[in-house]
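Working notes for the structure below.
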Amino acid sequence: MESSELPADVALMWGLRDERRRGPKPSLTAEDITRAAIELADAEGLGAVSMARVAERLGNSTMALYRHVKSKDELLVLMTDAALERPEPLPEGVDWRTGLTFWAAGVLTAVRKHRWYASLPISGPPAGPNNLAWFDSALGALAGTGLTEEAKVGVVMGLMTYVQGEIRLSLDLAAGFTDNPEAFSRYGATLARVVDPRQLPALARVLEAGVFDENISFDESSDADFDFGLQLYLDGLSAFITRVTGEQ
């Protein structure tokens, strides 16, 4: 397929946008710009990223950047793919559950290298080379399940939703705990004052069981909640595979 037939953002991520110009080969590339933007986001957060700040980091004029990346939105598209890097190959000979667990842990590790990644806007399905490599890896883990290709895509998209959602939630909660740990430590006592068992009976039973009696804290490096939810998802997938294929 010719690059002119591709959506502009896809051509950009794959380096297929036609940028032929007369004169000497430019010393600056889209890859240089993306790398500098990622370094800036790592150091100061996503809010610090602008075309002007990236240009300053590169020692170039802002206009020099626009010759390669037309807007900050385009730059964010490039960052979305480049920061994720390529997945590690799945271990050979593992079953689908082990493969998807390995895959999910890999996504978690990759995103934790760039805390800002979870704040990037998601504007569509994966289309960049790195994101598609992750997509392919998860689909590959399901190769021996007997599921249809359509079902495999549904499984992986659902798993992506869980993994990305849990990462975003854990980072937000960890930041909130850092800013106001007292709100978390008093959560159970706060709910006890406002929860009416007649109106919120299920939540009242949770409080009565003492679930929120202990101090609540959030550590983004802890995988306990992530693993719990992941195994629930995989348990459901196991039942689905058995139902539609008759195999475990």
Side-chain angles (χ1 to χ4, degrees), residues 1-3 5-17 31 34 38 76-114 116-171 223-248:
M1 181 181 292
E2 297 294 332
S3 62
E5 298 175 354
L6 289 170
D9 58 343
V10 177
L12 178 67
M13 286 186 288
W14 284 86
L16 297 175
R17 188 158 69 187
E31 289 78 11
T34 305
I38 290 172
L76 291 177
V77 168
L78 289 170
M79 294 171 67
T80 300
D81 195 66
L84 198 55
E85 303 177 351
R86 293 297 179 103
E88 291 289 329
L90 294 176
E92 292 189 12
V94 299
D95 58 41
W96 66 262
R97 187 174 191 126
T98 303
L100 289 182
T101 300
F102 177 88
W103 179 90
V107 175
L108 192 63
T109 298
V111 173
R112 279 178 176 166
K113 293 179 181 178
H114 308 287
W116 49 269
Y117 190 91
S119 300
L120 283 167
I122 300 175
S123 58
N130 291 342
N131 275 278
L132 286 182
W134 283 94
F135 197 10
D136 182 81
S137 178
L139 289 169
L142 297 168
T145 59
L147 294 176
T148 66
E149 299 306 315
E150 182 179 8
K152 291 174 188 175
V153 169
V155 167
V156 174
M157 293 304 290
L159 184 56
M160 285 181 178
T161 300
Y162 168 73
V163 172
Q164 292 282 0
E166 278 296 305
I167 290 171
R168 289 180 182 229
L169 181 62
S170 66
L171 289 173
D223 295 340
D225 289 339
F226 179 87
D227 289 340
F228 178 73
L230 175 62
Q231 296 311 313
L232 287 181
Y233 185 88
L234 297 180
D235 285 346
L237 175 56
S238 178
F240 174 72
I241 293 173
T242 298
R243 185 171 77 249
V244 300
T245 70
E247 298 180 7
Q248 294 290 337

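Numbers here simply count residues along the sequence, with the first being 1. Worth saying up front: this structure is predicted, and the values here are computed from it rather than measured.
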Run the numbers on Val107 and Trp103 for side-chain contact (heavy atoms from CB on, under 4.5 Å), then give the verdict. CA-CA 6 Å; Val107 175; Trp103 179 90; 3.9 Å; yes

Quick one: does Ser238's side chain have a donor or acceptor within less than 3.5 Å of a partner on Leu234's backbone? no

Checking the side chain of Ser137 only, and the main-chain atoms of Ala133 only, is there a donor and an acceptor separated by less than 3.5 Å? no

Trp134 meets the side chain to side chain donor-acceptor pair (under 3.5 Å) criterion, sequence neighbours left out, with none

Can you name the closest pair of heavy atoms from Leu84 and Ala110 and give their distance? O-CB, 3.8 Å

Would you sort out whether Tyr117 and Ile167 count as a side-chain contact (heavy atoms from CB on, under 4.5 Å), showing the intermediate values? CA-CA 10 Å; Tyr117 190 91; Ile167 290 171; over 6 Å; no

Go through the structure and list residues passing side chain to side chain contact (heavy atoms under 4.5 Å, CB included) with Thr98, not counting sequence neighbours. Val94, Asp95

Mind checking side chain to side chain donor-acceptor pair (under 3.5 Å) for Asp136 and listing every partner two or more places apart, or none if nothing turns up? none

Partners passing side chain to side chain contact (heavy atoms under 4.5 Å, CB included) against Tyr233 (at least two apart in sequence or in another chain): Val155, Leu159

Salt bridge (Lys or Arg N to Asp or Glu O under 4.0 Å) pairs touching residues 96-107, sequence neighbours excluded, are Arg97-Asp235

Does Leu100 reach the side chain of Leu237, with side-chain heavy atoms less than 4.5 Å apart? yes

All heavy atoms of Val163 vs all of Ala104, minimum pair found to be CG2-CB, 4.1 Å

Write out all pairs satisfying salt bridge (Lys or Arg N to Asp or Glu O under 4.0 Å) with one or both partners inside residues 142-166, taking only residues at least two apart or from two chains. Glu149-Lys152

Residue list, ring-ring contact (aromatic ring centres under 6.0 Å, His included) with Tyr162, at least two apart or on another chain: Phe226

Yes or no on side-chain contact (heavy atoms from CB on, under 4.5 Å) for His114 and Met79, after CA distance, side-chain angles and deciding distance? CA-CA 11 Å; His114 308 287; Met79 294 171 67; over 6 Å; no

Check whether any side-chain heavy atom of Leu12 sits under 4.5 Å from a side-chain heavy atom of Leu78, and report yes or no. yes

Could you tell me if the side chain of Phe135 sits less than 4.5 Å from the side chain of Asn131, heavy atoms only? no

So, using side chain to side chain contact (heavy atoms under 4.5 Å, CB included) as the criterion, who are the partners of Pro129 when residues are at least two apart? Met13, Trp14, Asp81, Arg86

Can you name the nearest heavy-atom pair linking Thr101 to Gln231, along with the distance? OG1-NE2, 3.9 Å

With sequence neighbours left out, the residues meeting side chain to side chain contact (heavy atoms under 4.5 Å, CB included) with Phe102 are Glu88, Leu90, Pro91

